J.: 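Here it is, the structure, as structure tokens.
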Amino acid sequence: MSLSDVSGRDELDPFKLLAWYAEAGVTEALDDEPHDHFAEAPPPMPMRRPLPAQGGSAPLRPAPARALPAAAAAPDDAALTARAMAREARTLEELREAISKFEGCALKATAKTLVFADGNPEGRVMIVGEAPGADEDRLGLPFVGRSGQLLDRMLAAIGLSRQNDVYIANLLPWCPPGNRTPTPQEVAICLPFIQRQIELADPEILISVGGPSAQGLLGFKGILASRGKWVEYDTGSKRIRAMATLHPAYLLRQPLQKRLAWRDLRALKAALEEKG
């Protein structure tokens with residue numbers, strides 16, 4: 001018997017339907033009234049207790065949710081933490097140790113090394129670039145590679161050397177991925193560290209190299225328009241002369257702009273001679 005044999009033209013024949021159910025193997029009724037079980041909500045699944053591990057040990061517990069890393073903290077909170085850690089450092093070595101323990105900047109997770117400084121901490125001039133590049137990240141020193149070699153030649157042209165006369169650092173101590181320009185957020189987080197580094201080094205003259213350094217430390221916007229201008233920088237304990245100049249990496253890409261950098265170097269030399 002098929003279902004077409006059961007149904008009439010307008011309605012089902014109940015006796016034939018029962019016979020069709022019996023032939024299909026349906027021999028018991030669960031209720032007096034029919035129910036559309038597809039329209040009803042499924043019953044809740046019973047809670048299962050975790051099975052004990054072998055050896056009678058306690059049942060396995062779900063792993064707790066992982067806490068967010070410190071680098072995911074809000075930028076304002078990270079900057080406040082950096083400021084507090086920087087203020088506690090009484091020497092450059094203590095500051096380096098504090099930066100190595102700082103977890104508030106995500107760049108630390110992608111960089112290979114901490115790039116703190118190079119040169120003479122007692123030098124009369126402090127040079128601050130923007131951030132380490134790939135070569136600096138590999139060697140752990142600021143301004144190495146082609147841009148560093150050019151910087152050394154520029155300093156030598158006015159009788160200075162990084163070993164004796166100049167202390168060199170960066171606005172950020174970690175290399176941004178892909179050697180990109182640091183973001184304003186990254187600069188804001190790390191700014192307390194370089195500010196404290198300048199204060200502890202206590203140079204006579206501060207030179208900001210490149211746009212991000214000039215903006216972060218001196219408040220300049222547009223390095224070509226602001227370079228070569230003397231301003232005062234407040235270290236926290238005293239005010240010193242400061243100037244922005246072009247980055248050696250930029251000069252390698254734009255050799256004709258070396259004439260502008262040479263003017264800045266001559267101004268630096270004159271300032272040092274004036275101070276004796």
Side-chain angles (χ1 to χ4, degrees), residues 69-71 75 78-79 81-82 85-86 89 92-121 123 125-155 161-163 166-201 203 206-218 220 223 244-254 261:
T81 300
M85 295 176 68
L92 289 171
E93 189 56 40
E94 288 182 7
L95 181 63
R96 181 191 181 104
E97 183 68 18
I99 297 174
S100 69
K101 295 178 179 179
F102 182 64
E103 301 293 339
C105 182
L107 293 179
K108 181 179 181 181
T110 58
K112 292 183 176 66
T113 57
L114 167 67
V115 181
F116 183 67
D118 193 21
N120 182 6
V125 179
M126 183 169 180
I127 294 177
V128 179
E130 53 186 64
D135 291 329
E136 289 80 6
D137 190 35
R138 179 172 53 86
L139 298 176
L141 294 172
F143 283 96
V144 296
R146 292 183 63 208
S147 63
Q149 294 169 10
L150 178 56
L151 177 63
D152 288 343
R153 293 196 299 270
M154 292 166 61
L155 294 173
S161 70
R162 74 165 71 196
Q163 291 79 16
V166 178
Y167 184 54
I168 304 176
N170 276 310
L171 198 62
L172 275 69
W174 296 290
C175 176
N179 201 24
R180 61 166 171 77
T181 301
T183 66
Q185 184 181 96
E186 292 163 348
V187 172
I189 290 174
C190 296
L191 191 60
F193 290 125
I194 187 60
Q195 289 173 331
R196 183 60 171 162
Q197 192 170 356
I198 295 170
E199 182 180 3
L200 292 173
L206 173 66
I207 302 295
S208 290
V209 177
S213 177
Q215 182 172 355
L217 292 176
L218 306 180
F220 288 153
I223 185 64
T245 191
L246 303 174
H247 199 286
Y250 172 78
L251 298 176
L252 290 172
R253 299 191 302 269
Q254 302 288 339

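The analysis underlying the following values was restricted to heavy atoms, covering all of them including side chains, and did not include hydrogens, waters or symmetry mates. Note that the structure is a prediction, hence the values are computed from the model and not measured.
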J.: Identify the heavy atoms of Gly104 and Ala78 that sit nearest to each other, and give their distance.
T.: O-CB, 3.6 Å

J.: Quick one: does Glu94's side chain get under 4.5 Å of Leu200's, heavy atoms only?
T.: no

J.: Between atom CD of Glu130 and atom CD1 of Ile223, what is the distance when rounded to the nearest 0.5 Å?
T.: 10.0 Å

J.: Go through the steps for Met154 and Leu251 under the test side chain to side chain contact (heavy atoms under 4.5 Å, CB included), then give the verdict.
T.: CA-CA 11 Å; Met154 292 166 61; Leu251 298 176; 4.0 Å; yes

J.: Roughly how far, to the nearest 0.5 Å, is the CG atom of Leu155 from the CD1 atom of Ile168?
T.: 6.5 Å

J.: Side-chain contact test, heavy atoms from C-beta onward, threshold under 4.5 Å: evaluate it for Arg196 versus Met85 and give yes or no.
T.: no

J.: Where do Cys105 and Ile189 come nearest, in terms of heavy atoms and distance?
T.: CB-CG2, 4.2 Å

J.: Just how far is it from atom NE2 of His247 to atom CZ of Arg253, taken to the nearest 0.5 Å?
T.: 9.0 Å

J.: I need the minimum non-hydrogen distance between Leu95 and Phe193, along with the two atoms involved.
T.: CD2-O, 3.7 Å

J.: Would you check if the side chain of Glu136 reaches a backbone N or O of Val144 as a donor-acceptor pair within less than 3.5 Å?
T.: yes

J.: Closest approach of Thr110 and Pro177, non-hydrogen atoms and distance?
T.: OG1-CG, 3.7 Å

J.: Where do Pro142 and Val115 come nearest, in terms of heavy atoms and distance?
T.: N-CG1, 3.4 Å

J.: Are the side chains of Leu218 and Ser213 in contact, using a 4.5 Å heavy-atom criterion?
T.: no

J.: Which atom names give the shortest non-hydrogen contact between Ala134 and Cys175, and what distance separates them?
T.: N-SG, 4.2 Å

J.: What distance separates Asp137 CG from Trp174 CH2, expressed to the nearest 0.5 Å?
T.: 12.0 Å

J.: Let me confirm one number: the CZ-CD1 distance from Phe143 to Ile127, rounded to the nearest 0.5 Å.
T.: 7.0 Å

J.: State, with a plain yes or no, whether a side-chain heavy atom of Leu150 is found less than 4.5 Å away from one of Arg153.
T.: yes

J.: Using side-chain heavy atoms (C-beta onward) and a distance below 4.5 Å, is Asn170 in contact with Ile194?
T.: no

J.: Is a side-chain N or O of Lys112 found less than 3.5 angstrom from the main chain of Leu139, in a donor-acceptor match?
T.: no

J.: Is there a side chain to side chain contact (heavy atoms under 4.5 Å, CB included) between Ile198 and Leu217? Walk through the geometry before answering.
T.: CA-CA 10 Å; Ile198 295 170; Leu217 292 176; 4.0 Å; yes

J.: Look up atom CZ in Phe116 and atom CG in Leu92, then write down how far apart they are to the nearest 0.5 Å.
T.: 5.0 Å

